[in-house]
K.L.:
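Sharing a structure below in structure tokens format, with a few things to ask.
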Amino acid sequence: MEIPIKNKRLAGWIREVAELCTPEDIYVCNGSRQEYERLMRMMVDSRMAIPLKKRPNSFLFRSDPSDVARVEDRTYISTPSREDAGPTNNWIEPDRLKKTMLTLYRGCMKGRTMYVIPFSMGPIGSPMSKIGVEISDSPYVVVNMHIMTRVGNRVIEALGEDGDFVPCLHSIGAPLSEGQKDSLWPCAPMEKKYISHFPEENLIWSYGSGYGGNALLGKKCMGLRIASAMARREGWMAEHMLILRLISPEGRRYHIAAAFPSACGKTNLAMIQPSIPGWRAECIGDDIAWMRIGDDGRLYAINPESGFFGVAPGTSYETNSVAMETLRENVIFTNCALTDDGDVWWEGMTDDVPSHAIDWRGNDWTPESPGDAAHPNARFTAPVSQCPIISSDWDNPDGVPIDIFIFGGRRSTVVPLVYEAFNWDHGVFMGATASSETTAANIGAIGNLRYDPFAMKPFCGYNMADYFKHWLDMGDRLRDKAPRIFYVNWFRKDGDGRFLWPGFRENSRVLKWMCERIDGKVDAVKTPIGLLPRMEDLDLKGLDIPPEDMRELLSVDISQWKAEIPNIEHHFKTFGARLPDRLWRQLEEFKGRLGG
Ligand code: TSX
Ligand code: MN
């Protein structure tokens, strides 16, 4: 077979994979619109994709009911030493894992086309970008990768004869025997699924799942797990962060990067439309930030993706009109409900619920049906370029200079609306101790407290203690040019279980305070946990929040915070001797400020 690829390593790898997986044919993707349309037409013909009458060039897919989310239990960081993967990752020794997976891969693409998908994370040619090549037997993966990354010939050209790339091998793990009828969403059973990362050789092997986070390997696998390990070696950062630009009435720009665990509304914040007159915001990214120190010593961020792969349920014109406008056309929907007039629907999309729909499993659904119409993790895949408030700098190869880091979580008690770190090390302590209460979106009991340091627990491709150290090292290099660090909690409740803070657009009031702190325009109240706003410095014009609610939102209850200490200690101890002393010191100082 003739492969039109000059890169020797790539050509060799494609041949090797073809010999291993024995596909019926091989197709190298060129990234063109015709290619996208041809694959979509093919999937419509096979009934895997359903065209939506109501949305131009948009399609609905239904996954297998067992293949609806990332599989953290089946996700591995495979380093020669278990300690290098650390306590937050599953680990199998590389030789053993490869042996197991090679057995699975042998003949796994029988009867299918093997797609070669050359992609760039970041603008092609940017010094911050990285090239990957995904080999997959899923046409659904190809069309999603077209939206989520930059795919095609320009990438092959950028690769040249000996350019470097991350090999990303993916199979749904469902070979077709002669004459066998294909299912609509082929995949392998749970015990055969593996999402494997070999960070020391920049290699990804994914088997058995067709679902986004397990199968679109540019995103979580390369963009976060492999990139975080590369970033540490090369002195940059790969973070689970949205990026936005906030513009004051005077036209001053502030760039914010923010990390939140799932179910905290990261995409909503990325697309915020400030409620304060004169303030505007632009979206740069909603999930991943790659950052490096520029020639001027400041930290510059790019969004390495080119699409949004967002959770649909809960998205509405009320909660995120910008997202709704982004979804008008050219969208891939997965596991949403199908309405009788040929549109998608999901829980929380509209006040009036359709009287009939086809649910995400393909069954008739009415409001009386026991289950949800859309799966809670139903997704949209949409081009970033369609976002009405996308920044003109979203694909600037140099990135944007970050002024502010925000960490956060969902806490109904204890944690105030916003506070600022005293300094970089204290900010790293805040990131390392970021916690969130579990919601229905998590497995296990609702309302449990979970530590999710820097929102990176599922995405750090190496020992998380070393990751904390990397953050401390970056601070040492950035010194007075380092972004200021804040912690927010939009989810504090009163005694009756009502949210105290209106959230959504009104969060711009909190962002404005951060900007005024940066500019030295306002003082802050020093408390044992950090620097809090004086009530009068939060712009609350036009809101009518009772003063006692505001006092509660900005209160620090010493005894409640003392009760957090044993949890933090326990959390830190899971990292053993690798936890940097500077974080233990932060904990000691915190205890001291709380009064012993
Ligand atoms: O995304 C959210 N954000 C960030 C917005 C920029 N959500 C949704 C979280 C689930 C993904 C929020 N939910 C936020 C928030 O700031 N705050 C809340 C809690 C809340 C929910 C409903 C109301 C208020 C707060 N409604 C009324 O007060 C009417
Ligand atoms: Mn994410």
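Fair warning: this is a prediction, and the values are worked out from it, not measured in the lab. In each ligand, atom 1 is the first atom listed, and ligand 1 is the first ligand listed.
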K.L.:
Pairing donors with acceptors under 3.5 angstrom, does anything connect the side chains of Asp64 and Ser66?
P.N.:
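Ser66 and Asp64 do have a side-chain donor-acceptor pair below 3.5 Å.
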K.L.:
Considering only the protein, which heavy-atom contact is closest to atom 11 (C) of ligand 1, and what is its distance?
P.N.:
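For this ligand atom, the closest protein heavy atom is Gly265 N, 3.6 Å.
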K.L.:
Does a side chain donor of either Asp466 or Asn463 reach within less than 3.5 Å of an acceptor in the other side chain?
P.N.:
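No, no side-chain donor-acceptor contact under 3.5 Å.
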K.L.:
Starting from atom 24 (C) of ligand 1, what is the nearest protein heavy atom, named by residue and atom, and what distance separates them?
P.N.:
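Answer for atom 24 (C) of ligand 1: Pro502 O, 3.6 Å.
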K.L.:
Atom 15 (C) of ligand 1: which protein heavy atom is closest, and how many Å away?
P.N.:
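For this ligand atom, the closest protein heavy atom is Phe504 N, 3.5 Å.
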K.L.:
Note the single closest protein heavy atom to atom 1 (O) of ligand 1, along with its residue, its atom name and the distance in Å.
P.N.:
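For this ligand atom, the closest protein heavy atom is Asn268 ND2, 2.7 Å.
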K.L.:
Report the residue from Asp287, Thr75, Asn214 that forms a side chain to side chain donor-acceptor pair (under 3.5 Å) with Lys220.
P.N.:
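Testing each of Asp287, Thr75, Asn214 against Lys220, the sole residue satisfying side chain to side chain donor-acceptor pair (under 3.5 Å) is Asp287.
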K.L.:
How long is the gap from CE on Met550 to CG on Leu500, to the nearest 0.5 Å?
P.N.:
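It comes to 9.5 Å.
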K.L.:
What do we get for Glu318 next to ligand 1 when only non-hydrogen atoms under 4.0 Å count, side chain, backbone, both or neither?
P.N.:
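No part of Glu318 comes within reach of ligand 1.
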K.L.:
What atoms of ligand 1 come within less than 4.0 Å of a heavy atom belonging to Trp501?
P.N.:
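Atoms satisfying the 4.0 Å criterion: 25 (C).
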K.L.:
Under 4.0 Å, heavy atoms only, figure out whether ligand 1 is touched by the backbone of Asn507, its side chain, both or neither.
P.N.:
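It is the side chain that touches ligand 1; the backbone stays farther off.
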K.L.:
Between Thr413 and Gln560, do the side chains contain an N or O donor and an N or O acceptor separated by less than 3.5 Å?
P.N.:
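Judged by distance alone, the side chains do not pair up.
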K.L.:
Relative to Tyr194, does Arg74 satisfy both conditions: NZ or CZ under 6.0 angstrom from the six-membered ring centre, and within 45 degrees of the ring's axis?
P.N.:
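Yes; both conditions hold, so Arg74 lies above the ring face of Tyr194.
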K.L.:
Under 4.0 Å from a heavy atom of Gly503: which atoms of ligand 1 are those, numbered in the order shown and with their elements?
P.N.:
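Heavy-atom distances to Gly503 below 4.0 Å select 16 (O).
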K.L.:
Please state which protein non-hydrogen atom is closest to atom 10 (C) of ligand 1 and give its distance, to 0.1 Å?
P.N.:
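Going atom by atom, the protein heavy atom closest to atom 10 (C) of ligand 1 ends up being Arg410 NH2, 3.7 Å.
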K.L.:
Do the ring planes of Phe407 and Phe405 sit parallel (below 30°), tilted (30 to 60°) or perpendicular (above 60°)?
P.N.:
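Rings of Phe407 and Phe405: parallel, as their planes differ by under 30°.
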K.L.:
Does only the side chain of Phe491 get under 4.0 Å from ligand 1, or the backbone, or both, or neither? Count heavy atoms.
P.N.:
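Within the 4.0 Å criterion, Phe491 contacts ligand 1 through side-chain atoms alone.
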K.L.:
What's the spacing between Tyr140 OH and Ile332 CD1 if we round to 0.5 Å?
P.N.:
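Separation between the atoms: 7.0 Å.
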K.L.:
In terms of relative ring orientation, are Trp345 and Trp365 parallel, tilted or perpendicular, with 30° and 60° separating the classes?
P.N.:
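Trp345 vs Trp365 ring planes: tilted.
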K.L.:
Is there a protein heavy atom less than 4.0 Å away from atom 13 (N) of ligand 1?
P.N.:
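Yes.
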K.L.:
Any idea which protein heavy atom is nearest atom 20 (C) of ligand 1, and the distance to it?
P.N.:
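For this ligand atom, the closest protein heavy atom is Phe499 CD1, 3.3 Å.
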K.L.:
Can you find a protein heavy atom closer to atom 28 (O) of ligand 1 than 4.0 Å?
P.N.:
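For atom 28 (O) of ligand 1 the answer is no, since every protein heavy atom stays at 4.0 Å or beyond.
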K.L.:
Below 6.0 angstrom between ring centroids: does that apply to Phe61 and Trp185?
P.N.:
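When the ring centroids of Phe61 and Trp185 are compared, they turn out to be at least 6.0 Å apart.
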K.L.:
Do Tyr419 and Tyr487 have ring centres separated by under 6.0 Å?
P.N.:
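Yes, the ring centres sit under 6.0 Å apart.
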K.L.:
Closer than 4.0 Å and a protein heavy atom, does any atom meet both conditions relative to atom 5 (C) of ligand 1?
P.N.:
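Protein heavy atom within 4.0 Å of atom 5 (C) of ligand 1: present.
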K.L.:
Just say parallel, tilted or perpendicular for the rings of Trp346 and Phe333, cut-offs at 30° and 60°.
P.N.:
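It falls in the tilted class, 30° to 60°.
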K.L.:
To the nearest 0.5 Å, what is the distance between CD1 (Ile390) and CE (Met271)?
P.N.:
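Answer for the CD1-CE pair, Ile390 versus Met271, is 7.5 Å.
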K.L.:
Give every protein N, O or S atom lying under 2.8 Å from the Mn ion (ligand 2), naming each by residue and atom.
P.N.:
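Only Lys220 NZ, His240 NE2, Asp287 OD1 fall inside 2.8 Å of the Mn ion (ligand 2).
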